Each structure stands twice: as C-alpha cells, then as structure tokens.
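Encoded as structure tokens, the structure appears first; notes follow it.
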Amino acid sequence: MTAGWAARLAELGLELPPVAAPLASYVPAVRTGDLVFTSGQLPLVDGRLAGVGKVGAEVDPQEGYALTRVCVLNALAAVDALVGIDSVTRVVKVVGFVASAPGFHGQPGVVNGASELLAEIFGDAGSHARSAVGVSELPMDTPVEVELVVEVR
C-alpha cells in the first residue's frame with residue numbers, strides 16, 4: 001500500500017494533531033528531493049508536554065514507550081502539513097533520543113514505541129533504519145524526542 005495512510009490512521013483510531021509550534025529558530029519539516037526530514041518532535045499534546053523527567057527515574061520505560069508514539073504522531077503531522085500524509089511511500093529512518101537516568105540502558109525498548117507505531121500505520125513501508133540514543137538532557141525536561149526521515153512521491 002502506498003496511499004491511503006490517512007484512512008489507515010482513522011482505522012487505527014488515530015488522529016494527527018495540529019503541527020507543534022517550533023520552540024526555537026527552525027521549521028517542523030523540510031523536503032529535499034524525495035525525502036522529508038522532520039525536526040525533533042517532543043511528546044506535546046495540546047501544546048503541553050505529556051510527561052517530564054528521565055526514563056529510568058521519574059518516567060518508567062513503558063511510559064517512555066507511549067510518549068515516543070506521541071512524538072511520532074507529531075512528526076507525521078509535520079509531514080502531513082508539508083506534503084500530505086498520503087504522499088509517503090516509506091519510512092526511511094527514525095532517530096529516537098531518550099533522556100536517561102544513570103544506569104538506564106533500555107533505550108531500544110523505549111524507541112520501539114515509535115517503530116511499532118510506524119509499522120502499525122505503514123505496514124512494510126514502515127520498516128526503517130533506526131538509532132536509539134540515550135542522552136543526559138532534552139529540551140524542557142522531556143523524556144523523549146523523535147525525528148523521522150520519510151520518502152515521498
């Protein structure tokens with residue numbers, strides 16, 4: 001399937017949120033050729049962070065997993081606003097950042113929230129290369145941040 005992603009989102013009971021306003025001097029997404037790169041997306045819901053703190057301390061890994069799903073919906077909203085979600089032909093790359101408490105090593109499991117949601121939405125076209133990076137701090141004390149690279153028609 002290379003079209004009908006908006007319908008697939010509806011089937012899953014998911015809705016793309018409004019594009020999150022940039023927190024600094026950047027744009028939510030940029031297209032170059034057949035690729036769209038999103039800026040790092042936070043787990044913002046109605047303009048507010050859905051969680052704060054470090055995964056492995058204030059935020060448990062399951063909550064971090066759920067928050068990466070929110071980040072993906074925000075990233076897809078940026079893609080949709082730029083080129084339309086139905087123009088996506090495949091997800092190329094996911095970069096997930098996890099604000100990690102000392103000794104926390106479960107970043108891949110947290111970022112699986114993003115990867116698994118993309119598979120639910122895009123099926124085989126959602127298979128992607130990925131990085132799951134543990135960091136000491138993220139903007140606004142957010143636990144997670146996700147960037148996407150997608151190929152479009």
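Just so it is clear, the structure is predicted and the values come from calculations on it, not from any experiment. If you read the sequence from its start, that first residue is 1, and numbering goes on from there.
Once rounded to the nearest 0.5 Å, the distance linking CD of E58 with CD of E63 reads 10.0 Å. For the atom pair CG (D60) and CZ (F104), the distance works out to 9.5 Å, reported to the nearest 0.5 Å. Summarising the geometry, atom CG belonging to L14 is positioned 9.5 Å from atom CG belonging to L76; distances are rounded to the nearest 0.5 Å. Separating the CG atom in L42 from the CG atom in L138 is a distance of 7.5 Å, to the nearest 0.5 Å.
Nearest heavy-atom pair, P61 versus V55, reported as atom, atom and distance to 0.1 Å: CA-CG1, 4.0 Å. The two residues V92 and E151 have their closest heavy-atom pair at CG2-N, 3.8 Å. Contact record, V59 with G64: CG1-N, 3.8 Å, taken as the closest heavy-atom pair. Summarising the geometry of E15 relative to L73, their closest heavy-atom pair is O-CD1, 4.5 Å, with the distance given to 0.1 Å. Heavy atoms only, all atoms of each residue included: Y26 and S39 are closest at CD1-OG, 3.4 Å. Between L44 and A20, the closest heavy-atom pair is CD1-CB, 3.8 Å.
Under a hydrophobic clustering in which Ile, Leu, Val, Met, Phe, Trp and Tyr are joined whenever their side-chain heavy atoms come within less than 4.5 Å, directly or via other members, V72 and V94 fall into the same cluster. Cluster membership check: L12 shares its hydrophobic cluster with L16, using side-chain heavy-atom separations under 4.5 Å among Ile, Leu, Val, Met, Phe, Trp and Tyr. Under the 4.5 Å side-chain heavy-atom criterion for grouping Ile, Leu, Val, Met, Phe, Trp and Tyr, F97 is not connected to V70 through any hydrophobic cluster.
Within the 4.5 Å cutoff, no side-chain heavy atoms of L82 are placed close to those of V152. Within the 4.5 Å cutoff, the side chain of D141 has heavy atoms near those of the K54 side chain. Residues W5 and V79 fail the side-chain proximity criterion, which asks for heavy atoms closer than 4.5 Å. Between V36 and V30 the shortest side-chain heavy-atom distance does not fall below 4.5 Å. When side chains are defined from C-beta on, P108 counts as touching R130, because their heavy atoms get closer than 4.5 Å. The closest side-chain heavy-atom distance from I121 to V91 is not below 4.5 Å. With contacts defined as side-chain heavy-atom distances shorter than 4.5 Å, the pair T142/P43 qualifies.
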For F37 and K93, run side-chain contact (heavy atoms from CB on, under 4.5 Å): C-alpha distance rounded to whole Å, both residues' side-chain angles, the deciding distance at 0.1 Å, then the answer.
-> CA-CA 9 Å; F37 294 77; K93 175 105 187 224; over 6 Å; no

Verdict with supporting geometry, T89 and D34, side-chain contact (heavy atoms from CB on, under 4.5 Å) | CA-CA 9 Å; T89 57; D34 293 339; over 6 Å; no

Please test I85 against F122 for side-chain contact (heavy atoms from CB on, under 4.5 Å), starting from the C-alpha separation and ending with a verdict.
-> CA-CA 11 Å; I85 194 72; F122 296 104; 4.2 Å; yes

Check step by step if side-chain contact (heavy atoms from CB on, under 4.5 Å) holds for H128 and R90.
-> CA-CA 8 Å; H128 53 269; R90 77 164 296 122; 5.6 Å; no

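Of the options T38, N74, V19, a side-chain contact (heavy atoms from CB on, under 4.5 Å) to P28 is made by V19 and by none of the others. Each of V150, L148, V146 was evaluated against L118; a single residue qualifies, L148, per the side-chain contact (heavy atoms from CB on, under 4.5 Å) test.
R153 places a side-chain N or O within donor-acceptor distance of the main-chain N or O of D86, the cut-off being under 3.5 Å. Not one N or O on the side chain of R8 forms a donor-acceptor pair closer than 3.5 Å with the backbone of A10.
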